[in-house]
A.B. asks: 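The structure follows.
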Amino acid sequence: MAAISREEVAHLARLSRLAVTEEELDQFAGQLDVILQSVARIGDVAADDIPPTSHSVPLTNVYRDDVVTPSLTQDAVLAGAPDAAEGRFRVPRILSEEE
Amino acid sequence: MSDLTRMTAAQLAGLIAGGEASAVEVATAHLDRIAAVDERVHAFLHVDREGALAAAADVDARRGRGEELGPLAGVPIAVKDVIATKGVPTTAASKILEGWRPPYDATIVERLRAAGTVMLGKTNMDEFAMGSSTEYSAYGPTNNPWDLGRIPGGSGGGSAASLAAYEAPLAIGTDTGGSIRQPGAVTGTVGAKPTYGGTSRYGLIAFSSSLDTPGPCARTVADTALLHAAIAGHDHRDSTSIPQPAPDVVAAARLGATGDLTGVKLGLVKEFSGEGAEAGVTAAFRESVEALVKLGAEVVEISCPHFEYALPAYYLIAPSEASSNLARFDGVRYGLRVGDDGSRSLEEVMSLTRDAGFGPEVKRRIMLGTYALSSGYYDAYYGQAQKVRTLITRDFTSAFEQVDVLISPTTPFVAFPFGSRTSDPYQMYLADLYTIPTNLYGGPAISVPCGLSEGLPVGLQIMAPTMADDRMYRVAAALESAVGTLTPPEL
């Protein structure tokens, strides 16, 4: 039985903001299925009492003193942007016509 | 080929410090070598000739003024293109960042500049460091200098190939699942993954934040140690950076080079000592173990029963983190934007941009990660993978109570021909079978050339406890003293 269907892959592509083609969907569905079946065996190894490890070093929140220090200039920040206007990043419209 | 390009970093630094060669002469020799061979090797995505010559001239001027310079002053270096370099193109080998020039330097680049190294340019890699062959670069693959029809490993294939092609004596890589060590093994060079948190990730284009580790590559263990020392140490800008002094890897490499391993206990990872590896790889590895025993080391077989689950755990954890990290490539703040003709919404432009900008392996991993993190599958996949990470860490802890370091082959097979594994992603993932456990645990590991199989290099991997990077350098240098370095054929 396939672990992942073509429809699920299409849904994942939408969630991932990837406009994949019909041809790509077929390809990815097959490949993701093989990968998921290969990794599924990890479900058998760890018992409920095993704590998860997210990170190999202990994580603590790091704060600095609230002191103003030099940062990148506005020009430097915007230099790599595909589009900018009035000192800000310009984006395509967010709302559709009817909204 | 100029003799200067055949020298080690330590030898070049000595020549420059003694006034026998200028940093500009050394840089020019390497830039000329790149001009002569890189069309065939394609190790570089960008060569910064002007910047390199200016940096070299600065070293010469400082030397002329009698300033005290560091141990690598004037030595050329190649930097993997996933690391931010101020004003110098940084693409992570992706179309989505084509032409991007970062407005800042990564911490390790700042340290390399402060050390007086001369950056030659940016090296090719698998897109966003996802791959084991450098076939997933959006700008075309890098060719292995040992056989131009074969892969140079990945994702740091460009960095490793630049060393094997004598285009640079030093290079920087990043290792998320083996991307420094595996290219080192298949190109006959040395590559080290430092302890996670021992080198700063600030300025690295993130792939999998809990695993990514920048580290050194060179043709000798001593050079690798010198570069390791130049970039290691705490960085307040990286909250996962370990606030402890870095281990003295240079002294450890010198100690190892004496060839005495009396009293050192090596753990042979039972699960990685034969099955699944090519016969030639196993043979070269076994001969090297015998050489280490002759140097006085004691070899103990150690079982790490959960290592076999490392590969599946990695291929759930790394894509999950990648799906989150790569969300920033949305066509707003930097890089590519596609479809912005006034008729489409932000969401449509974002989807079109990401589809056009990302290659197949990146898309595959983003979708895999999105799946593993999604409601309903989280516990079965991502949650389980994090538990496996605990079990692998326990295997390492138990092993290091019995031995000083663990050893295994670095890769199960030598460099394979282009295209032979791209059709089946899971077959490609097997290239990282032996390197991944260390990334999940966070400890350091190094790959050292240990012989040839069918005329192609084989690497031996040495794994050490967290923040005991010096231990692996001692064993690595001892092995090098016994088996020597490998010389690739003339290009």
Side-chain angles (χ1 to χ4, degrees), chain A residues 3-4 8-9 11-21 24 27-28 31-32 34-62 64 72-73 75-84 89-96, chain B residues 100-104 196-197 210 236 239-240 242 306 309 312-313 315-316 323 327 330-337 340 342 344-352 354-355 358 360 363-364 366-368 370-371 374 380-381 383-391 393 424-426 440-442 466:
Chain A
I4 187 164
E8 278 181 294
V9 176
H11 182 57
L12 287 175
R14 278 194 297 278
L15 291 175
S16 310
R17 301 277 184 270
L18 289 168
V20 296
T21 62
E24 282 178 316
Q27 202 182 4
F28 286 137
Q31 290 172 339
L32 289 176
V34 169
I35 296 168
L36 285 169
Q37 291 195 34
S38 304
V39 301
R41 63 198 175 95
I42 67 153
D44 308 330
V45 62
D48 289 346
D49 61 341
I50 305 294
T53 299
S54 69
H55 234 268
S56 65
V57 293
L59 289 183
T60 50
N61 223 342
V62 178
R64 65 166 171 79
L72 293 174
T73 64
D75 285 346
V77 170
L78 294 172
D83 202 358
F89 297 108
R90 197 195 70 79
V91 298
R93 66 186 166 78
I94 290 169
L95 301 174
S96 60
Chain B
W100 183 57
R101 291 172 188 262
Y104 68 105
Y196 176 87
S210 78
H236 69 92
S239 64
T240 55
I242 297 174
H306 300 99
Y309 298 99
Y315 278 101
L316 291 167
S323 70
D330 55 8
V332 173
R333 286 150 297 182
Y334 33 69
L336 188 72
R337 181 182 286 182
D340 183 16
R344 293 188 175 95
S345 70
L346 178 64
E347 197 175 310
E348 288 168 318
V349 170
M350 210 181 276
S351 294
L352 289 168
R354 287 163 64 80
D355 188 51
F358 290 143
K363 288 179 190 169
R364 222 166 10 236
I366 288 174
M367 287 197 277
L368 183 59
T370 305
Y371 182 79
S374 61
Y381 289 110
Q384 278 298 115
Q386 300 286 45
K387 287 183 179 182
V388 168
R389 195 170 183 172
T390 306
L391 294 171
T393 300
D424 182 347
Y426 205 76
L440 294 171
Y441 158 63
T466 300

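By convention in this document, chain letters (A, B, ...) are assigned in the order of the sequence lines, proteins followed by strands, and residues within each chain are numbered from 1.
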A.B. asks: Does the side chain of D340(B) come within less than 4.5 Å of R90(A)'s, by heavy atoms?
C.D. replies: yes
A.B. asks: Taking side chain to side chain contact (heavy atoms under 4.5 Å, CB included) as the criterion, tell me which of L368(B), L316(B), D424(B) meets it with I35(A).
C.D. replies: L368(B)
A.B. asks: Looking at P51(A), A40(A), A76(A), which one has more heavy-atom pairs under 4.5 Å with chain B than the rest?
C.D. replies: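 Going by pairs under 4.5 Å, I would pick P51(A).
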A.B. asks: Nearest 0.5 angstrom please: Y104(B) OH to L72(A) CG, how far?
C.D. replies: 8.5 Å
A.B. asks: Rounded to the nearest 0.5 Å, how far does CZ of R64(A) lie from NE2 of H236(B)?
C.D. replies: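 Going from the NE2 atom of H236(B) to the CZ atom of R64(A) covers 10.0 Å.
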A.B. asks: Considering all heavy atoms of both residues, which atom of P312(B) and which atom of S38(A) are nearest to each other, and what is their separation?
C.D. replies: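 What the structure gives for the nearest pair is CB-O, 4.5 Å.
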A.B. asks: What is the distance from atom CZ of F28(A) to atom CE of M367(B), rounded to the nearest 0.5 Å?
C.D. replies: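 Spacing of CZ (F28(A)) from CE (M367(B)) equals 4.5 Å.
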A.B. asks: Under 4.5 Å heavy-atom distance to chain B, tell me which part of L18(A) shows up: side chain, backbone, both or neither.
C.D. replies: both
A.B. asks: Identify which part of Q27(A) has an atom lying under 4.5 Å from any heavy atom of chain B, answering side chain, backbone, both or neither.
C.D. replies: neither
A.B. asks: For chain A, which of L391(B), T466(B), V388(B), L440(B) has the most heavy-atom pairs under 4.5 Å?
C.D. replies: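 Among L391(B), T466(B), V388(B), L440(B), the one with the most close pairs to chain A is L391(B).
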A.B. asks: Going from CZ on R93(A) to CG on L346(B), what distance comes out if it is rounded to the nearest 0.5 angstrom?
C.D. replies: 10.0 Å
A.B. asks: In terms of heavy-atom proximity below 4.5 Å to chain A, should Y309(B) be classed as side chain, backbone, both, or neither?
C.D. replies: both
A.B. asks: Top residue by heavy-atom pair count (under 4.5 Å) with chain A, among H306(B), K363(B), M350(B), E348(B)?
C.D. replies: K363(B)
A.B. asks: Taking T390(B) for its side chain and T53(A) for its backbone only, find out whether a donor-acceptor pair lies under 3.5 Å.
C.D. replies: yes
A.B. asks: How close do S54(A) and S210(B) get, counting heavy atoms only, and between which atoms?
C.D. replies: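 It is O-CB, 3.5 Å.
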A.B. asks: Using heavy-atom distances under 4.5 Å, tell me whether I50(A) contacts chain B through its side chain, its backbone, both, or neither.
C.D. replies: both
A.B. asks: Checking L59(A) against chain B: side chain, backbone, both or neither under 4.5 Å from a heavy atom?
C.D. replies: side chain
A.B. asks: Roughly how far, to the nearest 0.5 Å, is the CD1 atom of I42(A) from the CD atom of Q386(B)?
C.D. replies: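 Here the rounded value is 9.5 Å.
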A.B. asks: Is chain A contacted by the side chain of Y381(B), its backbone, both, or neither, given a heavy-atom distance below 4.5 Å?
C.D. replies: both
A.B. asks: Against chain B, work out which of L36(A), L15(A), V34(A) has the most heavy-atom pairs shorter than 4.5 Å and name it.
C.D. replies: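 Counting heavy-atom pairs under 4.5 Å, the top option is L36(A).
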A.B. asks: Side chain from CB out, backbone as N, CA, C, O: work out which of these in V349(B) comes under 4.5 Å of a heavy atom of chain A, or both, or neither.
C.D. replies: side chain
A.B. asks: Under a 4.5 Å heavy-atom cut-off, does chain A meet the side chain of I242(B), its backbone, both or neither?
C.D. replies: side chain
A.B. asks: Quick check for you: among T60(A), T73(A), L78(A), L32(A), which has the greatest number of heavy-atom pairs under 4.5 Å with chain B?
C.D. replies: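 Highest number of heavy-atom pairs under 4.5 Å: L32(A).
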A.B. asks: Mind ranking G442(B), P103(B), S323(B) by heavy-atom pairs under 4.5 Å with chain A and telling me who comes out on top?
C.D. replies: P103(B)
A.B. asks: Counting heavy-atom pairs under 4.5 Å to chain B, which of V91(A), V9(A), V45(A) comes out on top?
C.D. replies: V45(A)
A.B. asks: Do Y426(B) and Q31(A) come within less than 4.5 Å of each other through their side chains, counting heavy atoms only?
C.D. replies: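 No - every pair of side-chain heavy atoms lies 4.5 Å or more apart.
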A.B. asks: Charged N to carboxylate O under 4.0 angstrom, D83(A) versus R333(B)?
C.D. replies: no
A.B. asks: As an exercise, state the distance from OG of S374(B) to NE2 of H11(A), rounded to the nearest 0.5 Å.
C.D. replies: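 The OG atom of S374(B) sits 7.5 Å away from the NE2 atom of H11(A).
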A.B. asks: For each of Y315(B), Y334(B), W100(B), tally heavy-atom pairs with chain A at distances under 4.5 Å, and name the one with the top tally.
C.D. replies: Y334(B)
A.B. asks: Do the side chain of R17(A) and the main chain of D355(B) share a donor and acceptor less than 3.5 angstrom apart?
C.D. replies: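 Here the side-chain-to-backbone pair does not exist.
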A.B. asks: Can you name the closest pair of heavy atoms from G335(B) and P82(A) and give their distance?
C.D. replies: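 Closest pair (atom of G335(B), atom of P82(A), distance): O-CG, 3.4 Å.
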A.B. asks: Relative to chain B, which segment of R41(A) carries a heavy atom at a distance below 4.5 Å: side chain, backbone, both, or neither?
C.D. replies: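 When you check distances to chain B, atoms from both the backbone and side chain of R41(A) fall under 4.5 Å.
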